[in-house]
Amino acid sequence: MKLKVELVPPESRKERPEDPLSLEFGSVFTDHMFAMFYADNEWKNPRIGPYSNLSLDPAALCLHYGQGIFEGLKSYRRGERVFLFRPRKNLERLNASAIRMVMPQIDIDFALEALIELLRVERDWIPELKGSSLYVRPTMIATEPKLGVRASHTYLYYVILSPVGPYFKEGFSPVKIMVSEKYVRAADGGVGQAKTIGNYAASLLGGKEAMERGYSQVMWLDSHERKYIEEAGTMNIFVLFDDELATPPLSGTILPGITRESAMQIAQDWGYSLNERPIAIDEVIDGIKSGKVKEIFGTGTAAIIAPIGELYFREKPHIVGDGTIGALSQRMFDELTGIQSGEREDTRGWVFEIE
Ligand SMILES: *Cc1c(COP(=O)(O)O)cnc(C)c1O
């Protein structure tokens, strides 16, 4: 497949935001996007062109039955150097999500080449301020017009880019989370491990009710017993019990986060006893009360590390430690953001530099 590139003339390009701190996450988009189409059992017409509205039939299957998947990763700039963090992992996960949603596989080498080319075109859009980045959103949707419930025969894969400021604008700080026993994010045998669009729609009402009480995200429990912690908002979750760092196992209802996997490797390299094991919410609350729970943090591409300072459970707030950022959360944040932005040595071969 040959990639076509059609550039927006310089005089028609958008004005780039000057201050990355003023950017609201995911609200500004660059001048160009990548797109390719799937029909007759193959991908075709790969093209980098102007960022523009899609033309979709109102009966397109993605709009009715949620056959859609996505990815999220960040590109960083240091001077003239541009980096991605483990981009193949995202494309592999997109293919894993595609299998679950009965969607076609993409060629990872080709998709990566196309992404690199798109980033070369949009290099000037990558903010340089520490903590800021160009967020990359690969997306695949079912496009066939059909009201019968079945997998589509045609698809669109596209990549859009959005400059984002630091997640923690007033500095790295703890977040407050509400544990939900009412709603669940994902159930056994369902689609919780796929990055599929419907999972996020399912989480909105719980998120809204948490916000109304002054909490920024929901901590999700397992659907079966409401006994074990699974994820916090759209982040994976870690709990430090004395010297043991624990995170729930990938049981099928948890999104296999790339930040999660990276944090696990780093913690092991630092000598923590790391366990993927079921963690009961009662064990967490008891541990907060007894002082055995030293830290809780979330991991994900948007925040990288989000220290959790307070958990609200059964009508009561529980302050984790002294409610401030734990030492491991801080160290992990510094390490991961340092590696991702090219400031710290990358001894694990995670950073991918764009020439
Ligand atoms: C994307 C996502 C994560 C984090 O994955 P990363 O690869 O670390 O960004 C965690 N949970 C959910 C539900 C997600 O959608």
Side-chain angles (χ1 to χ4, degrees), residues 25-26 66 68-76 83-98 100-101 108 115 133-140 159 162 164 167 175 177 180 183-188 190-207 210 216-223 228-239 247-267 276 279 296-308 329 332-333 335-337 339-340 348 350-352:
F25 181 86
I69 55 178
F70 68 93
E71 271 304 325
L73 64 160
K74 282 173 170 174
S75 147
Y76 299 85
F83 306 103
L84 286 164
F85 185 69
R86 310 184 80 183
R88 281 183 175 274
K89 287 264 170 206
N90 290 91
L91 297 170
E92 285 164 6
R93 187 170 66 189
L94 186 83
N95 273 345
S97 298
R100 182 64 181 85
M101 305 310 292
I108 290 178
L115 171 58
S133 59
L134 188 63
Y135 184 80
V136 179
R137 171 53 61 89
T139 309
M140 193 195 295
V159 181
S162 172
V164 296
Y167 186 86
V175 296
I177 303 268
S180 176
Y183 306 109
V184 294
R185 192 192 81 89
D188 274 352
V191 293
Q193 68 187 346
K195 233 174 157 69
T196 182
I197 57 181
N199 284 337
Y200 304 85
S203 76
L204 293 177
L205 184 56
S216 65
Q217 311 228 16
V218 175
M219 181 178 280
W220 305 103
L221 302 179
D222 74 284
S223 63
Y228 298 102
I229 64 171
E230 297 219 315
E231 297 204 48
T234 57
M235 294 184 292
N236 295 115
I237 185 110
F238 287 77
V239 183
T247 190
L250 300 178
S251 55
T253 52
I254 289 176
L255 203 287
I258 295 159
T259 322
R260 172 186 181 275
E261 198 206 281
S262 307
M264 283 170 55
Q265 279 197 41
I266 291 171
E276 283 181 274
I279 305 168
I296 305 178
F297 59 86
T299 64
T301 295
I304 311 301
I305 298 291
I308 294 172
S329 306
M332 189 64 82
F333 179 79
E335 178 74 0
L336 273 167
T337 53
I339 294 171
Q340 290 171 338
R348 301 173 188 86
W350 286 345
V351 174
F352 184 96

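Every number for a ligand or one of its atoms is a count from 1 in the order of the listing.
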Under 30°, 30 to 60°, or over 60°: which ring-plane class applies to F297 and F238, parallel, tilted or perpendicular? parallel
Just list the N/O pairs, ligand 1 to protein, that are under 3.5 Å apart, with the distance for each.
unit_1: ligand 1; atom_1: 7 (O); unit_2: R93; atom_2: NH1; d: 2.8
unit_1: ligand 1; atom_1: 7 (O); unit_2: R93; atom_2: NH2; d: 3.1
unit_1: ligand 1; atom_1: 7 (O); unit_2: I258; atom_2: N; d: 2.8
unit_1: ligand 1; atom_1: 8 (O); unit_2: I258; atom_2: N; d: 3.3
unit_1: ligand 1; atom_1: 8 (O); unit_2: T259; atom_2: N; d: 2.9
unit_1: ligand 1; atom_1: 8 (O); unit_2: T259; atom_2: OG1; d: 2.6
unit_1: ligand 1; atom_1: 9 (O); unit_2: T301; atom_2: N; d: 2.9
unit_1: ligand 1; atom_1: 9 (O); unit_2: T301; atom_2: OG1; d: 2.5
unit_1: ligand 1; atom_1: 11 (N); unit_2: E231; atom_2: OE1; d: 2.5
unit_1: ligand 1; atom_1: 11 (N); unit_2: T234; atom_2: O; d: 3.4
unit_1: ligand 1; atom_1: 15 (O); unit_2: K195; atom_2: NZ; d: 2.7
unit_1: ligand 1; atom_1: 15 (O); unit_2: Y200; atom_2: OH; d: 2.4

Quick check on the 6.0 Å ring-centre criterion: do Y200 and F70 meet it? yes
Nearest heavy-atom approach of S251 to E230 is OG-OE2, 4.4 Å
Test log, rule ring pair (Phe, Tyr, Trp, His ring centres under 6.0 Å), inputs F85 and Y76: CA-CA 9 Å; F85 185 69; Y76 299 85; 8.1 Å; no
So among L94, I258, L73, which one has a side-chain contact (heavy atoms from CB on, under 4.5 Å) with K89? I258
Identify which one of R86, R93, R88 satisfies the salt bridge (Lys or Arg N to Asp or Glu O under 4.0 Å) criterion when paired with E71. R93
